Amino acid sequence: MSDIVLSICPPHASEQVADAVAGHGFAGIYVEANAISPERMQRIAGRMPSSCTVLDGMLSGPPPRGGRTVRFYLAGDAGARESVEAVFADTRVLTRATGGGIGSASALKLAISSYQKVSRALAGVAHALAADHGVGDLLLAEAGAMNKDILDDPGYLPGVAARAWRWGPEMAEVADTLRAAGLPAELAEAAALVYSRWDRHKDQSPDLDTVLDTLHHRPKGSA
């Protein structure tokens with residue numbers, strides 16, 4: 001039997017794969033490397049046999065071919081992590097430790113996906129709307145002048161939050177326009193919700209930590 005099992009599959013199959021491995025009484029290192037929530041990651045770790053060491057993993061980047069590399073983040077037992085790192089030594093798979101516990105690698109993956117995948121969906125909706133009104137070429141021209149580095153410059157966000165009072169209603173107008181064109185409006189509505197939370201806290205200090213914290217909507221008494 002293998003010493004290390006890497007689970008890389010569609011997210012909805014992750015628990016089924018884990019159960020299949022657990023059913024064989026696996027006693028090695030199980031690396032759950034799928035794009036799943038930290039909560040699902042914890043569930044999987046909790047139901048694997050005690051003979052098995054579970055690591056939380058996430059892959060970031062394109063397949064490692066043609067000179068490209070991929071980052072493989074790992075969280076969990078240090079000894080098990082070192083064993084996995086040794087497998088990929090001197091390869092184009094660059095292993096990294098998150099510095100956190102089980103669930104931290106999954107959280108990193110979904111944080112990236114929440115921007116990367118959603119932004120691509122938004123681009124599709126934007127192009128469909130522009131095409132519907134015959135202004136697709138103008139959208140492309142404007143796109144060339146837009147800021148494309150917001151994710152790697154979070155210091156930009158307080159300035160965005162300061163304009164939430166205006167951008168929130170604009171997103172509501174976007175949603176109305178999308179619905180009129182028969183296009184999905186939910187993403188624009190979600191953006192309007194983000195801006196509305198920022199707008200409710202407009203009198204607080206506009207530093208980055210405050211801007212990020214105001215996005216949370218936690219039940220009373222929770223951390």
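Note that the coordinates shown come from a computational prediction; the quantities given were computed from them, not determined experimentally.
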Item to complete: Dump the intermediate steps for side-chain contact (heavy atoms from CB on, under 4.5 Å) on Val160 and Trp198, then the final yes or no.
Response: CA-CA 9 Å; Val160 175; Trp198 277 335; 3.8 Å; yes
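- The cluster map of Ile, Leu, Val, Met, Phe, Trp and Tyr, joined by side-chain heavy atoms under 4.5 Å apart, puts Leu208 and Tyr195 in the same cluster.
- The hydrophobic clustering, which links ILVMFWY residues whose side-chain heavy atoms are closer than 4.5 Å, places Leu212 and Tyr156 together.
- Counting only heavy atoms from C-beta outward, the side chains of Thr91 and Pro64 never approach each other to under 4.5 Å.
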Item to complete: Under the side chain to side chain donor-acceptor pair (under 3.5 Å) rule, what do Asp207 and Thr210 come out as? Steps first, then yes or no, please.
Response: CA-CA 6 Å; Asp207 59 89; Thr210 300; 2.9 Å; yes
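- Not a single donor-acceptor pair under 3.5 Å links the side chain of Asn34 to the backbone N or O of Ile36.
- Counting non-hydrogen atoms of neighbouring residues, nucleotides and ligands closer than 6.0 angstrom, the CD atom of Glu142 reaches no more than 12 such neighbours.
- Hydrophobic clustering of Ile, Leu, Val, Met, Phe, Trp and Tyr side chains at less than 4.5 Å, counting indirect connections, keeps Val135 apart from Val174.
- Using a 4.5 Å cut-off on side-chain heavy atoms (C-beta onward), Val5 and Ile29 make no contact.
- Below 30°, between 30° and 60°, or above 60°: for Tyr30 and Phe26 the angle between ring planes is above 60°, a perpendicular geometry.
- Under the 3.5 Å distance criterion, the side-chain polar atoms of Ser83 are matched with a main-chain donor or acceptor of Gly79.
- In this structure, Arg96 contributes its side chain and Phe72 its backbone to no donor-acceptor pair below 3.5 Å.
- Both Leu59 and Leu6 sit in one connected hydrophobic cluster of ILVMFWY residues. Membership requires side-chain heavy atoms under 4.5 Å apart, directly or through other members.
- Side-chain N or O atoms of Arg120 include one that pairs as donor or acceptor with a backbone N or O of Gln116 at under 3.5 Å.
- Contact of the Val93 side chain with the Thr69 side chain is not registered, since no non-hydrogen atoms from C-beta on lie closer than 4.5 Å.
- Between the side chain of Asp56 and the backbone N or O of Met41, no donor-acceptor pair lies under 3.5 Å.
- Side-chain contact of Asp199 with Ser196: a donor-acceptor pair under 3.5 Å is absent, judged by distance alone.
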Discussion item. Walk me through whether Ser7 and Val31 qualify under side-chain contact (heavy atoms from CB on, under 4.5 Å).
Written reply: CA-CA 6 Å; Ser7 176; Val31 186; over 6 Å; no
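- By the 4.5 Å heavy-atom criterion applied to side chains, Leu129 and Thr177 are counted as neighbours.
- Judged as a side-chain contact (heavy atoms from CB on, under 4.5 Å), and not counting sequence neighbours, the contacts of Ser113 are Lys109, Lys117.
- A donor-acceptor contact shorter than 3.5 Å is absent between the side chain of Glu32 and the backbone of Leu55.
- Put simply, Leu193 and Val118 are part of two different groups of oily side chains (I, L, V, M, F, W, Y) that touch within less than 4.5 Å, one to the next.
- By the 4.5 Å heavy-atom criterion applied to side chains, Asp213 and Asp209 are not counted as neighbours.
- Between Val21 and Met48 there is a side-chain heavy-atom pair separated by less than 4.5 Å.
- Considering only heavy atoms from C-beta on, Val70 stays 4.5 Å or farther from Arg92 through its side chain.
- Applying the salt bridge (Lys or Arg N to Asp or Glu O under 4.0 Å) test to pairs two or more places apart or on separate chains, those with a residue in residues 15-31 are Glu15-Arg40, Glu15-Arg43, Glu15-Arg47, Asp19-Arg47.
- Partners of Glu85 by salt bridge (charged side-chain N to carboxylate O under 4.0 Å, His left out), not counting sequence neighbours, listed by chain and number: Arg81.
- Classification of Glu170 and Arg163 as a salt-bridged pair fails, no side-chain N sitting under 4.0 Å from a carboxylate O.
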